[in-house]
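Each remark here refers to the structure printed beneath this line.
Just so we're on the same page: letters track the sequence lines, and every chain starts at 1.
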Amino acid sequence: MQILYTSQEQVEVYRFNLPVAVLVPLIALFLQGFIPLRFPFFAMFDLPLLVVIFFAVARRSQVAGLITGALIGLLQDSLTHQPIGIYGIAKTVVGYGASSLGVRIDVENVGARFLGTVFFYLVHEVIYFVVARGMVSLSVQWNWAHEFVAAVANAGVAVVLFAVLDRLKQRA
Amino acid sequence: MENLITRHRNVSILVAVLFAQVLGLAVQVKRSANAEDTRLIRIWAVSAVTPFEKAVIWMQQGTGGMWHNYVYLRGVRAENRELKQEIERMRLEQVRLSEDAEQARRLQLLLGFKEKFISKTLAAQVIGSSGSEQSRSVYIDKGSKDGIEPDQAVLTADGVVGKVLHVYGSTSLVLLINDQSSGVGVILERSRLQGVLRGTPLGGVAVERVMNDESVQPGERVITSGGDQIFPKGLTIGTVSGVKAGADSFLNIIVKPAANLSKLEEVLVVTGVETKLPVPGEMAGRVRAVDVLSQRLPSVPDKPVVDPKKAAATPAVPAKTPVVTPRGTVFEGATPGTLGTPNGAAKPATFNPLPGMKPAGPGVTVPGKTLLAQPEALLPKTPPANANLNVKNSAGAPETTPPSQVPVGDVLKPATAATTTAAPGSVKPAVVQKPAVVPRSSAPAAKPEDKSAKPEPAPVEDKRQ
C-alpha cells in the first residue's frame, strides 16, 4: 500500500511556459556568477540548485525533474573549469528526489520548503563531494559546520525565491 | 527485461542519465592530461550567460561613471593634490630605483643572464565568476579576438591574479591563484627559498615544497620565480602571513595575496613577454634626476651667454655626458674629459634636497646616465673659488693635470692651495671639491694627439658664485 502524506486532490501539478523555463535557470546562473564578484560571501548560495528544486517540486514529474537538474547542472559545470558532469550528476539526483517528494507531500508551505531545501542541499553536497573526490580526484574538503550553515542560508533564500517564482507557474 | 524497464521507467531514465554523465566524466578525466580543447557545451553556456554579465557591467559602469565623473566630485581637489605629491615622490623613487636596475642589468649582462620582460599588456574587465566555491575562476571581457591566449598571466597593480585558462571569442576564463588546481612557482624574497604556490580548499593561498628546517618569517614578501614559464620573474604575489609545520616534512606557509582576489574589477593580461639579454643604459634618458629636479625649481639659471667668437675657438665636444660637481651642480653638456671647459650647452641645475630622497654617492657618474646630484647641504662649504683639478696618480701623489688630460676612471680630487694653479685664461676655473669618478666607458675619447688641441684646463664659470 502506498503511503501518501497528502491526498491526491491536494497535490497540484504546475507547468511553466517556455520563456520562464529557459530564462529562470539562465538568470539563476548569471546571478550565481555575477553577485559573488561584489559580495564574495554569496558564493555559498547555490541559486541553480534552488531553481532545480523549485521546478522539480512544482512539476511533480520525476523525468522532468531529473532532466531539469541534469541540464542546469551541466550548464553550471560548463561555467567552471572543472570536468563537466559533477554538478550535473548531483543536480540530476536532486531533481529526481525533489519531484518524487513533491508527489508525496505538500511542499507549498514555508516550513516544508525550508526543511526540504536543507535536506536537498545536503544531499547535493554529499553527492558532489563523493563524485569530485572519488571520480575526479579533486581535493575538496568536507566541513560539517560550513555545510549546515550553507544549507540553512540556502533554505532561507529558497523560501523567498520560491514565493517569487510561484507567480510564474501555471496550473496544468 | 523490457517489462522491468517499462515498469520502472523513471528510475531507468535516471540511471541512464547518470550513467551518461559518469561516462562523460570518465572520458574527461582520462583525457585531462592533454586536453586543451574547449567543449561545445562550455561555449554554449558561456555564450548564454556572459552577454548578461557584459550588459550589466556596461550599465553599471555607465551609471557609476555618470555619478562619479559629473555629480559626486567631493574631495576631488584634495585627492588630486595628494596624487600629485605621490607622483613627485614616486618619480624620485623611480630615479633611484633605475640606478639599481641599471646596475643589475650590467651584472646580468656579465653573466649572460636572459630575463623576461613584460612587453605588452591588455586591460580587461572582470564580468563574472564561476559562482562555485570549488572553482575559483573569473571571466574577463577579452577573448581570442583581442589576442588573448591560454596560459597568459593576469595581474593587477597590486600583484598576480592568475592565468588565462580557457579562451572564447570575446571572453576568457581566468584561473585564480587561490584555486586548488592552480600552481605558481614562487620565491620568498628575503630567504630566497623556492616553492610552489597553491590554493587551499577554503580559498586561501599557501606555499608548498619548502622544507621544515628552513626559517621563514611572517611578513616576508613572496614573488614569482619565473620557473613556471607563465609568470615573469619578480611579480608580487603577497606576503607570508603564517608558517606552520606541515605534513611530509614540508612547511605550510600561508600567504596573504597582494591582489584582492575576492573583489576583482579590472585586470591586466600579459599578452607579450620578451626574453632578451639585458642592455645596460637602455633606461638612460627616459627618467633623469635633473629633469625631475629642475621641474621642482622655482627658477633655473639661464644658459650662460657665450661669445660666438669664443665658442668658435673652443674645440668641438664629441659627446655630452653629464658631470656633477659636489655642490650639486649638474652640467649636462660637459664631458668628463673636458671637465671645467666652458661649454655653451652646459646647463647648471641646482639640487633641492627632498624629504625622503636618498642621495647618490658623491659625484658618481654612470655610463649613459644623468646623475643624482649630492645635496648641497650634505657637503662641506665651498673652498676658494679659484681651484683646479688635482688628479691622483697611481702612486697616490697629487699632481696637477689639465682636465682635458684626465684619464677617465680616475678620481678627481679637490685642489689644494699648494696645487692650485690659476688658469691662464681670464675665465674663472671650475670648482671641484669632492672626488668624482669619471667612467672610462662613457667618456669621449681623449686621444693623445688631441692634447695639443686642449693644452689648458678649460674653466667653467659657476654662476651661483
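Around the CH2 atom of Trp142(A), the shell of radius 6.0 Å holds more than 12 heavy atoms that belong to other residues, nucleotides or ligands. No more than 12 heavy atoms of other residues, nucleotides or ligands shown are found within 6.0 angstrom of NZ on Lys256(B).
Defined by atom type and a distance below 3.5 Å, a donor-acceptor pair is missing between the side-chain atoms of Ser130(B) and His81(A).
Heavy-atom distances place no part of Ile67(A) under 4.5 Å from chain B, backbone and side chain included. With a 4.5 angstrom heavy-atom cutoff, Leu173(B) touches chain A only via side-chain atoms. Proximity to chain B (any heavy atom under 4.5 Å) is restricted, for Tyr96(A), to the side chain, taken from C-beta onward. Residue contact with chain B, scored on non-hydrogen atoms closer than 4.5 Å, involves the backbone and the side chain of Leu74(A) alike. Tyr128(A) touches chain B through its side chain: at least one heavy atom from C-beta onward sits under 4.5 Å away, while N, CA, C and O do not. Residue Asp46(A): no heavy atom, backbone or side chain, is found under 4.5 Å from chain B. Heavy-atom distances place no part of Phe39(A) under 4.5 Å from chain B, backbone and side chain included.
The candidate from Leu29(A), Val131(A), Val140(A) with the greatest count of non-hydrogen atom pairs under 4.5 Å with chain B is Val140(A). Annotation: maximal heavy-atom pairing with chain A below 4.5 Å, among Gly128(B), Ser129(B), Ala48(B), occurs at Ser129(B). Chain B forms more heavy-atom pairs under 4.5 Å with one residue of Pro83(A), Pro36(A), Ser100(A) than with any other, namely Pro83(A). The most heavy-atom pairs under 4.5 Å with chain A, out of Ser132(B), Ala26(B), Gly24(B), come from Ser132(B). For chain B, the option among Leu75(A), Val63(A), Leu138(A), Ile89(A) with the highest count of heavy-atom pairs below 4.5 Å is Ile89(A). For the set Ile84(A), Leu26(A), Thr92(A), Leu47(A), the count of heavy-atom pairs under 4.5 angstrom toward chain B peaks at Ile84(A). Heavy-atom pairs under 4.5 Å with chain A peak, among Leu202(B), Leu264(B), Val138(B), Asp179(B), at Asp179(B).
Residues Ile127(B) and Leu37(A) approach most closely at C-CD1, 3.5 Å, considering heavy atoms.
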